[in-house]
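The structure appears below as structure tokens.
In what follows, residues are counted from 1 in the order of the sequence shown. All of these numbers come straight from a predicted model, not from anything done at the bench. Hydrogens, waters and symmetry mates are skipped; everything else that's a heavy atom, side chains included, is used.
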Amino acid sequence: MFSSAATRHLIPRNALAIHQLSRTSLPSCSMLFSTDPAAAAISSHEDNTQTIDDPNRKPRVVILGSGWGGYTLARRLQKELFDVRVVSPANHFLFTPLLPSTAVGTLEFRAIQEPVRTIKGLGHYYQAKATNIDLENRVVTCEDLYKGVKFDVAYDYLVVAAGKKSNTFNTHNIQRLEGVVVFFLKHLYHARQIRNRIVECFERASNPTIPDVQRDRLLSFIVVGGGPTSCEFMSELHDFINKDVANWYPDLVKHIKLTLVEAGPGILGSFDKALSEYYLKKLNEKNIDVRLNTAISGVDERYIDGEQITVARFADGSEINFGTMVWSAGLAPVKLISNSNLTLDRDRVIVDDYLRIPETKGRAFALGDCAASLNDKLPPTATVAEQQAIYLSDCFNKYYCKFDVVNEKNHDVELPLPGNVTPALMPWNAFSFMNKILCKSSPKFQYKNRGAMASMGFGGGVTDLTNTDLPSPKTTMSGQASYLVWTSTYLTKQLSVQNMILIPMYWFKALLFGRDISRF
């Protein structure tokens with residue numbers, strides 16, 4: 001049985017009932033009318049501090065996603081002005097630039113994540129997947145991550161920051177073998193899978209009874225994609241092999257083969273050409289087989305000398321046996337976006353210059369990888385999502401808070417446009433005061449180029465500042481100087497003191513004592 005307090009916060013799934021309730025109030029969460037105890041549990045854990053009869057409730061901002069866009073926005077919104085709710089299957093924010101380091105044990109997983117629930121003043125967090133957006137009734141349908149129970153969350157303002165997933169381009173067997181011998185590298189659990197698989201391959205290959213064909217297959221590692229994530233992971237993997245595997249599995253080193261595959265003419269395509277060529281040269285010097293203008297046409301499972309072998313087939317007709325493939329070769333929309341009625345441009349939600357989704361009266365916004373402006377084509381990167389979130393938080397905190405969205409009389413009234421907002425040029429909060437000095441404010445979102453960086457393992461990397469808007473020389477850096485910039489930038493951008501302490505500790509540990517080769 002539902003308690004009377006919980007029942008007051010339920011929204012029937014019937015569309016008409018939702019419509020009627022949403023006009024008079026904004027319940028904290030709605031559930032299916034079901035005897036399922038899981039559904040009752042979700043309801044009983046709701047924040048019931050604001051009843052449906054409370055005329056002084058705060059406007060509710062529902063954020064879909066906990067990545068660079070969603071998490072940054074949730075942190076920056078003033079909680080005394082807004083009731084902020086986050087819906088995301090991941091209960092943490094992931095500092096993605098350091099993700100490749102965790103896949104080989106240079107860093108530990110806990111050091112690059114921030115729990116969503118630690119956001120001060122957060123109204124509620126739902127570990128669930130958003131499955132449908134009802135823009136007319138301003139309700140998001142969600143599905144519990146554990147029991148699959150569906151429930152509705154009503155909103156005054158909606159921010160879609162759902163990101164994107166890895167794109168397999170329908171390559172044969174990639175999706176089927178994902179998590180077995182093929183791995184993506186976008187989430188923390190991906191890095192954990194890769195790390196366990198790498199150690200598993202070396203342990204199995206060290207078995208004296210294993211045939212040579214199987215040993216060579218297990219120790220063949222293929223990385224698909226020529227972007228920063230792929231290149232950084234390959235560099236980290238090479239460091240791991242040279243500095244750790246060589247010590248613990250000396251007899252296996254001669255069997256190891258590293259291959260990086262890129263369908264385009266070069267790696268790091270968004271970087272200055274000289275830096276791309278420099279990085280390519282360094283990979284070749286490390287005896288990494290870099291194959292450009294080469295696409296993977298499929299993965300096969302075959303039997304050779306009675307042993308099951310996984311084989312990567314390339315468009316040029318060549319083949320490579322492999323034990324681990326890390327796929328980081330493109331982005332595709334998540335189901336919420338692809339199955340929605342939102343207007344898309346190349347699988348991204350179209351937004352205007354204010355990040356608003358058209359024809360929603362200013363009640364719905366989109367940002368990050370899943371959003372695209374027709375007037376300004378921006379890359380799906382972390383820095384774009386972060387700057388958009390900072391812009392949108394300033395709009396809410398300074399301007400949108402003045403609009404009485406809770407008042408029923410304003411239900412069909414267009415949200416007024418914001419006033420001037422200063423773009424977030426400086427990467428560090430401590431220097432945010434310089435934004436007003438260096439940038440011109442505008443009501444519209446303005447993206448500022450902060451440069452680009454890619455590490456090359458311990459002591460190396462490339463930094464491209466040729467097109468940056470930062471007050472720095474328009475130049476490039478490589479080698480140790482670039483590595484110093486890379487480490488100092490990402491260390492100082494951590495969101496908690498805990499991770500600022502843990503990350504250099506793990507770096508020091510890996511450098512002095514080696515990486516962890518345990519599998520658990």
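- Among Ile241, Thr102, Thr106, the one residue that satisfies the side-chain contact (heavy atoms from CB on, under 4.5 Å) test with Glu236 is Thr106.
- Around the NZ atom of Lys335, the shell of radius 6.0 Å holds no more than 12 heavy atoms that belong to other residues, nucleotides or ligands.
- Thr141 and Asp152 share a side-chain donor-acceptor pair at under 3.5 Å.
- With 3.5 Å as the limit, one finds a donor-acceptor pair spanning the side chains of Tyr506 and Arg110.
- Listed here is the closest heavy atom pair of Gly226 and Glu262: N-OE1, 2.6 Å.
- The pair Lys164-Asp347 does not count as a salt bridge, with every side-chain nitrogen at least 4.0 angstrom from each carboxylate oxygen.
- One side chain, Tyr279 or Ser235, offers a donor N or O that lies under 3.5 Å from an acceptor on the other.
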*Going through the distances and angles, do Tyr71 and Ser88 end up as a side-chain hydrogen bond (donor to acceptor under 3.5 Å, both in side chains)?*
CA-CA 10 Å; Tyr71 186 82; Ser88 174; over 6 Å; no
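- Rounded to the nearest 0.5 Å, atoms CZ (Phe271) and CE (Met453) are 8.5 Å apart.
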_Thr487 and Trp507: CA distance, side-chain angles, deciding distance, side chain to side chain contact (heavy atoms under 4.5 Å, CB included) verdict_ = CA-CA 10 Å; Thr487 52; Trp507 279 338; 3.9 Å; yes
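- A salt bridge links Asp353 with Lys444: at least one charged nitrogen is closer than 4.0 Å to a carboxylate oxygen.
- Minimum heavy-atom separation, Leu99 to Ala191: CD1-CB, 3.7 Å.
- For the residue pair Asn375/Ser373, the side-chain donor-acceptor check at 3.5 Å is not satisfied.
- The minimum heavy-atom distance linking Lys286 with Met456 is given by the pair NZ-O, 3.6 Å.
- Note that CG of Asp83 and CG of Leu122 are 8.5 Å apart. Values are rounded to the nearest 0.5 Å.
- Looking at Glu108 and Arg195, a side-chain N of the basic residue comes within less than 4.0 Å of a carboxylate O on the acidic one, giving a salt bridge.
- A salt bridge links Lys377 with Asp345; the closest basic N to acidic carboxylate O contact falls under 4.0 Å.
- Remark: Arg192 qualifies as a cation-pi partner of Phe109 under the 6.0 Å distance and 45° angle criteria applied to the six-membered ring.
- Look at Asp156 and Arg60 and you find no salt bridge, because none of the NZ, NE, NH1 or NH2 atoms lies under 4.0 Å from a carboxylate O.
- Proximity of Leu438 to Met426: side-chain heavy atoms (C-beta onward) are separated by under 4.5 Å at one or more points.
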_With side chain to side chain contact (heavy atoms under 4.5 Å, CB included) as the criterion, how do Gln113 and Phe93 come out once you've worked through the C-alpha distance, each side chain's angles and the decisive distance to 0.1 Å?_
CA-CA 5 Å; Gln113 59 87 30; Phe93 161 75; over 6 Å; no
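- Between Pro97 and Trp486 the shortest heavy-atom distance is O-CZ2, 4.1 Å.
- Salt bridge present: Glu386 and Arg450 bring a charged side-chain N and a carboxylate O closer than 4.0 Å.
- Between the side chains of Asn137 and Asp134, at least one donor-acceptor pair of N or O atoms lies under 3.5 Å.
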_Could you walk me through whether His238 and Phe240 satisfy the ring pair (Phe, Tyr, Trp, His ring centres under 6.0 Å) test, starting with their C-alpha distance in whole Å, then the side-chain angles of each, then the deciding distance to 0.1 Å, before giving a yes or no?_
CA-CA 5 Å; His238 179 270; Phe240 173 64; over 10 Å; no
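- Side-chain contact annotation: Thr422 with Ser441, donor-acceptor N/O pair under 3.5 Å present.
- When only modelled atom types and interatomic distance are considered, Glu114 and Thr118 share no side-chain donor-acceptor pair under 3.5 Å.
- Remark: Phe169 CZ is packed, more than 12 non-hydrogen atoms of other residues, nucleotides or ligands lying under 6.0 Å away.
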*List the steps, then state whether side chain to side chain contact (heavy atoms under 4.5 Å, CB included) holds for Leu237 with Ile198.*
CA-CA 9 Å; Leu237 180 58; Ile198 290 173; 3.9 Å; yes
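- The two residues Asp469 and Tyr447 have their closest heavy-atom pair at OD2-O, 4.4 Å.
- Of the N and O atoms on the side chains of Ser166 and Trp327, not one donor lies less than 3.5 Å from an acceptor on the other residue.
- Taking both residues in full, the closest heavy atoms of Arg348 and Leu378 are given as NH1-O, 3.2 Å, listed atom of the first, atom of the second, then distance.
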_Pair Phe365, Tyr354 - check ring pair (Phe, Tyr, Trp, His ring centres under 6.0 Å), show working._
CA-CA 8 Å; Phe365 303 79; Tyr354 309 93; 9.8 Å; no
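- Between Ser442 and Val421 there is no side-chain heavy-atom pair separated by less than 4.5 Å.
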